[in-house]
Chemist: 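Below is the structure I would like to discuss, written out as structure tokens.
Atoms within each ligand, like the ligands themselves, are counted from 1 in listed order. This is a predicted model, so every value here is computed, not measured.
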Amino acid sequence: MTFPTKNKKLLDWVDEITALCEPEEVYFCNGSEEEFNQLAQQLVEKGTFKRLSDAKRPNSYWAHSDPKDVARVEGRTFICSEREEDAGPTNNWSDPAEMKSTMTNLYRGSMRGRTMYVIPFMMGPVGSPFSLVGVEITDSAYVVCNMRIMATMGAPVLEALGEDGDFVHSLHSVGSPLAEGQDDVAWPCNPDNIFISHFPETREIWSFGSGYGGNALLGKKCLALRIASVMARDEGWLAEHMLLLKLTSPRGEVHYVTGAFPSACGKTNLAMLVPTLPGWKVETLGDDICWLRVGEDGRLWGLNPEAGFFGVAPGTSYSTNPSAMETFTSNTIFTNTALTADGDVWWEGMDGERPDNLTDWTGKPYDPDSGKPAAHPNARFTVSAAQCPQIAAEWQDPRGVPISAMLFGGRRRTLAPLVTEAYSWEHGVFLGSTMASETTAAAVGAVGNLRRDPFAMLPFCGYHMADYFGHWLKFAERKDLKLPRVYLVNWFRKDENNRFIWPGYGENSRVLAWIVDRLEGRADAQETPLGLVPKAGELDLDGVALAPGATKDSLFAIDRADLLAEVEAIASHYAQFGDRLPARLAEELSALRARAQV
Ligand code: OXD
Ligand code: MN
């Protein structure tokens with residue numbers, strides 16, 4: 001067999017994995033449209049994909065997974081650093097040699113009866129100093145089709161790799177070998193043996209047993225966050241779970257803003273916001289991941305390393321996110337949505353009435369009396385970012401864009417005000433390190449429980465969380481830097497009747513406008529124990545439909561008992577880090593305690 005590369009490391013690795021996994025054949029992906037179409041057709045023939053109606057959604061496909069393989073599995077995600085203490089208390093750790101031996105046994109013969117695909121991919125635009133090259137070996141054509149949307153694939157990557165270039169070795173198997181003559185299932189997986197393992201020192205990823213996006217599209221969470229965060233620590237940059245948007249004010253001022261929010265907390269909606277405030281404009285650069293490097297001008301420059309969106313479908317509609325709706329009108333893969341009788345997709349929260357005769361996400365006729373949703377709450381769309389009608393022209397600028405402000409947020413029904421400005425970068429790091437949010441369906445487990453999710457990186461930080469806090473703090477030591485301002489936002493406060501107080505979505509432009517006014521030195525703020533909030537009259541609330549009876553106070557009041565409870569909750573969150581917690585954060589906590597007790 002001849003392969004389209006002379007890169008010895010790659011050729012040796014392909015040989016090694018072929019010998020280990022024993023696939024029926026090996027196929028080197030070139031990333032072309034023709035290849036995508038062929039693989040999609042094979043997936044249709046196998047029953048993994050159903051082609052949607054070309055009249056409704058041209059060139060689009062629907063897949064539904066095994067019901068046991070619907071989300072990221074944090075309990076089976078491992079950081080296998082050489083020293084246990086480097087994984088820290090928030091990650092699962094396993095000794096790298098032991099993990100490799102366990103997984104080598106699982107991989108042995110795991111691709112029998114299947115094709116092994118070799119996917120050279122790049123996260124970040126071709127020619128950017130930010131970009132990273134990986135090669136994913138997988139036995140899933142579904143993964144290949146999704147990777148083609150989410151990353152640059154094929155010839156330009158092999159060219160960048162050259163004969164001696166290195167790459168992140170990213171190995172994936174669904175762990176479901178086929179015996180001679182055995183029929184395949186539509187969604188092969190091995191849910192009882194899932195491992196999503198990362199080897200930070202050797203920059204390797206080994207994933208087994210799951211075909212679900214976050215576990216199987218290894219360029220995304222595994223490379224661009226967990227492995228990249230370790231590289232960023234070693235090289236002085238940041239790899240973050242953040243959206244990236246461009247904001248233009250009616251005066252023509254341009255500011256680039258990032259936002260760290262946990263999974264399924266509205267990053268895609270915020271990135272594609274359509275402002276209700278006249279004259280404001282938002283353009284999208286990314287909805288999930290941002291890499292930030294110090295530029296020659298001392299500012300932080302951010303870049304979205306992904307080429308596509310792998311977004312949560314339920315709740316997306318023309319009223320919540322019209323741009324997303326327009327983005328996936330064609331050339332999209334939908335996974336675990338419901339299917340309509342006329343060959344289109346549907347999910348809870350879509351505009352209009354629920355159509356009759358749906359097929360639910362498990363592939364069965366939907367029973368509206370079942371009390372269950374027709375689409376899985378973590379149903380996803382995979383679509384190229386270039387299709388977004390409000391994508392910013394510079395979204396693939398190899399230099400990235402200079403960041404003015406960073407937002408941190410989560411779902412909190414109480415305490416956290418609509419918007420709070422950090423007193424300093426260090427206070428911003430304190431706010432990020434203590435972020436809390438109610439859990440969502442993006443990961444396997446209970447939904448709606450408040451958990452600390454520092455910087456929205458709890459499931460994605462590839463090393464000790466306290467060292468990660470220290471890494472963020474280090475930026476403040478460099479006096480030559482012009483760091484972005486940091487804001488904590490909360491769109492999700494609820495009243496005593498459990499109704500959201502703030503309408504969110506396009507109305508969030510009012511918060512963005514206040515932030516720009518602060519950056520431009522036009523708006524005043526007032527001190528609170530948690531940070532700076534808009535002074536009376538500074539946040540434009542004219543005509544906003546708050547929950548009945550609610551006022552500005554309902555969005556900003558800080559309940560004393562809640563605050564004192566928060567101080568103690570932060571103290572116990574910090575306690576898990578022992579003396580590895582940076583002293584500056586302990587000081588910030590003492591300062592908050594003092595402010596809370598006044
Ligand atoms: C995602 C996630 O898929 O955070 O982006 O789970
Ligand atoms: Mn995410």
Chemist: Where does the angle between the aromatic ring planes of W472 and F455 fall among parallel (under 30°), tilted (30 to 60°) and perpendicular (over 60°)?
Modeler: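 Geometry flag for F455 against W472: tilted rings.
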Chemist: With a cut-off of 6.0 Å (strictly less than), are more than 12 heavy atoms of other residues, nucleotides or ligands near NZ of K68?
Modeler: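 12 or below, so no.
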Chemist: Name the orientation class of the two ring planes belonging to H464 and F577 (parallel below 30°, tilted from 30 to 60°, perpendicular beyond 60°).
Modeler: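 Because their plane-to-plane angle lies in the 30° to 60° range, the rings of H464 and F577 count as tilted.
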Chemist: Given atoms OD1 of D288 and NE2 of H241, what angle do they subtend at the Mn ion (ligand 2), to the nearest 10 degrees?
Modeler: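 So the angle at the metal works out to 90°.
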Chemist: Show the protein residues that qualify under the rule heavy atom under 4.0 Å from an atom of ligand 1, listing them in chain and number order.
Modeler: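 Ligand 1 pocket, heavy atoms under 4.0 Å: R72, K220, K221, H241, S263, D288, F310, R380, A442, F460.
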Chemist: Counting only heavy atoms not in K46, do more than 12 fall under 6.0 Å of its NZ?
Modeler: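 Yes, the 6.0 Å shell around NZ holds more than 12 heavy atoms from other groups.
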Chemist: For the Mn ion (ligand 2), does an N/O/S atom of K221 lie at less than 2.8 Å?
Modeler: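 Here the distance criterion (N, O or S atom, under 2.8 Å) is met by K221, so yes.
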Chemist: How are the rings of F167 and H169 set relative to one another: parallel (under 30°), tilted (30 to 60°) or perpendicular (over 60°)?
Modeler: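 Parallel: the ring planes of F167 and H169 meet at under 30°.
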Chemist: Less than 4.0 Å between a side-chain N and a carboxylate O, is that true for E566 and R452?
Modeler: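 Looking at E566 together with R452, the answer is yes, because their closest N to O distance falls below 4.0 Å.
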Chemist: Going by side-chain contact (heavy atoms from CB on, under 4.5 Å), M242 matches just one of L407, D288, L292. Which one?
Modeler: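 Result for side-chain contact (heavy atoms from CB on, under 4.5 Å) with M242: L292.
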